[in-house]
Novice: 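Here's a structure for you.
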Amino acid sequence: MQYDAKHDCWVTVTPVLPAAVKGATGEEPDGTNIVLINECLCDEAKKKAYEHEQAHIKNGDLHSEEPAHEIEERMEDKK
């Protein structure tokens with residue numbers, strides 16, 4: 001796991017995510033963000049997945065009551 005000081009989060013590339021999941025973000029009880037990136041992705045896809053997860057953090061999606069599929073649809077609409 002690496003610390004990204006620019007975005008104030010911990011990042012790890014992991015084999016534990018299902019193949020269909022490019023990345024995921026969670027928050028520790030102390031408010032620290034953890035970003036997981038699927039190791040099966042190519043380098044460019046890992047970068048895009050990381051940027052996508054950072055957008056979730058920036059948008060406050062971790063504290064949203066909105067269902068995950070609606071959050072993802074909204075993010076797709078912004079592209």
Side-chain angles (χ1 to χ4, degrees):
M1 194 174 297
Q2 276 185 275
Y3 182 70
D4 177 355
K6 179 180 177 185
H7 293 106
D8 190 27
C9 68
W10 288 93
V11 184
T12 190
V13 177
T14 179
V16 300
L17 295 173
V21 178
K22 295 176 183 175
T25 300
E27 188 177 70
E28 293 290 332
D30 68 359
T32 302
N33 291 307
I34 307 268
V35 178
L36 305 175
I37 303 297
N38 197 323
E39 78 172 4
C40 73
L41 301 173
C42 69
D43 289 344
E44 183 63 25
K46 287 175 185 169
K47 180 181 174 189
K48 287 181 180 179
Y50 180 73
E51 290 168 355
H52 179 88
E53 296 307 317
Q54 284 302 317
H56 281 303
I57 294 168
K58 182 180 175 185
N59 293 338
D61 293 337
L62 297 176
H63 301 284
S64 175
E65 296 293 324
E66 188 177 11
H69 72 277
E70 290 180 13
I71 292 170
E72 290 300 328
E73 286 173 8
R74 177 174 36 80
M75 289 186 72
E76 283 298 315
D77 291 343
K78 287 182 178 179
K79 286 184 178 180

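These numbers come from a predicted model, not from an experiment. Only this structure's heavy atoms are used, side chains among them; waters, hydrogens and symmetry mates stay out.
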Novice: Distance check, rounded to the nearest 0.5 Å: Asn33 atom CG versus Leu62 atom CG?
Specialist: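 If we round to the nearest 0.5 Å, Asn33:CG and Leu62:CG are 6.0 Å apart.
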Novice: For a quick test of reading the model, state the closest non-hydrogen atom pair linking Pro15 to Glu39 and the distance between them.
Specialist: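 Answer, listing the atom of Pro15 first, then Glu39: CB-OE2, 3.1 Å.
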Novice: With a cut-off of 3.5 Å and sequence neighbours excluded, list every side-chain donor-acceptor pair involving residues 6-14.
Specialist:
from  : atom 1 : to    : atom 2 : distance (Å)
His7  : ND1    : Asp4  : OD2    : 2.8
His7  : ND1    : Tyr50 : OH     : 3.3
Asp8  : OD1    : Tyr3  : OH     : 2.3
Thr14 : OG1    : Val16 : N      : 3.2

Novice: Partners of His63 by side-chain hydrogen bond (donor to acceptor under 3.5 Å, both in side chains), sequence neighbours excluded?
Specialist: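 Result, side-chain hydrogen bond (donor to acceptor under 3.5 Å, both in side chains) vs His63: Glu27.
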Novice: Could you list the residues that satisfy side-chain contact (heavy atoms from CB on, under 4.5 Å) with Pro18, not counting sequence neighbours?
Specialist: Val21
Novice: Which residues satisfy the side-chain contact (heavy atoms from CB on, under 4.5 Å) test with Ala68, sequence neighbours excluded?
Specialist: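 Result, side-chain contact (heavy atoms from CB on, under 4.5 Å) vs Ala68: none returned.
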Novice: So, taking the atom named CD in Glu72 and the one named CG in Asp77, what distance separates them when rounded to the nearest 0.5 Å?
Specialist: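 So the gap between those two atoms works out to 11.5 Å.
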Novice: Does Gln2 have any side-chain contact (heavy atoms from CB on, under 4.5 Å) partners at least two apart in sequence or in another chain, and if so, which?
Specialist: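 Counting only residues at least two positions away or on another chain, Gln2 forms no side-chain contact (heavy atoms from CB on, under 4.5 Å).
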Novice: Working to the nearest 0.5 angstrom, can you tell me the gap between Ile37 CD1 and Lys46 NZ?
Specialist: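 It is 9.5 Å, given to the nearest 0.5 Å.
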Novice: Say whether, by atom type as modelled, one donor and one acceptor occur between the side chain of Asn59 and the main chain of Asp61 under 3.5 angstrom.
Specialist: no
Novice: What residues, two or more places apart in sequence or in another chain, satisfy side-chain hydrogen bond (donor to acceptor under 3.5 Å, both in side chains) together with Glu66?
Specialist: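 Result, side-chain hydrogen bond (donor to acceptor under 3.5 Å, both in side chains) vs Glu66: Arg74.
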Novice: Roughly how far, to the nearest 0.5 Å, is the CD atom of Glu51 from the NZ atom of Lys48?
Specialist: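 Here the interatomic distance stands at 8.5 Å.
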Novice: For the atom pair CD (Glu70) and CD (Glu73), what is the distance rounded to the nearest 0.5 Å?
Specialist: 6.5 Å
Novice: Just how far is it from atom CG of Leu36 to atom CE of Met1, taken to the nearest 0.5 Å?
Specialist: 7.0 Å
Novice: Could you see if Ile34 belongs to whatever hydrophobic cluster contains Leu17? Use Ile, Leu, Val, Met, Phe, Trp, Tyr and a side-chain cutoff under 4.5 Å.
Specialist: yes
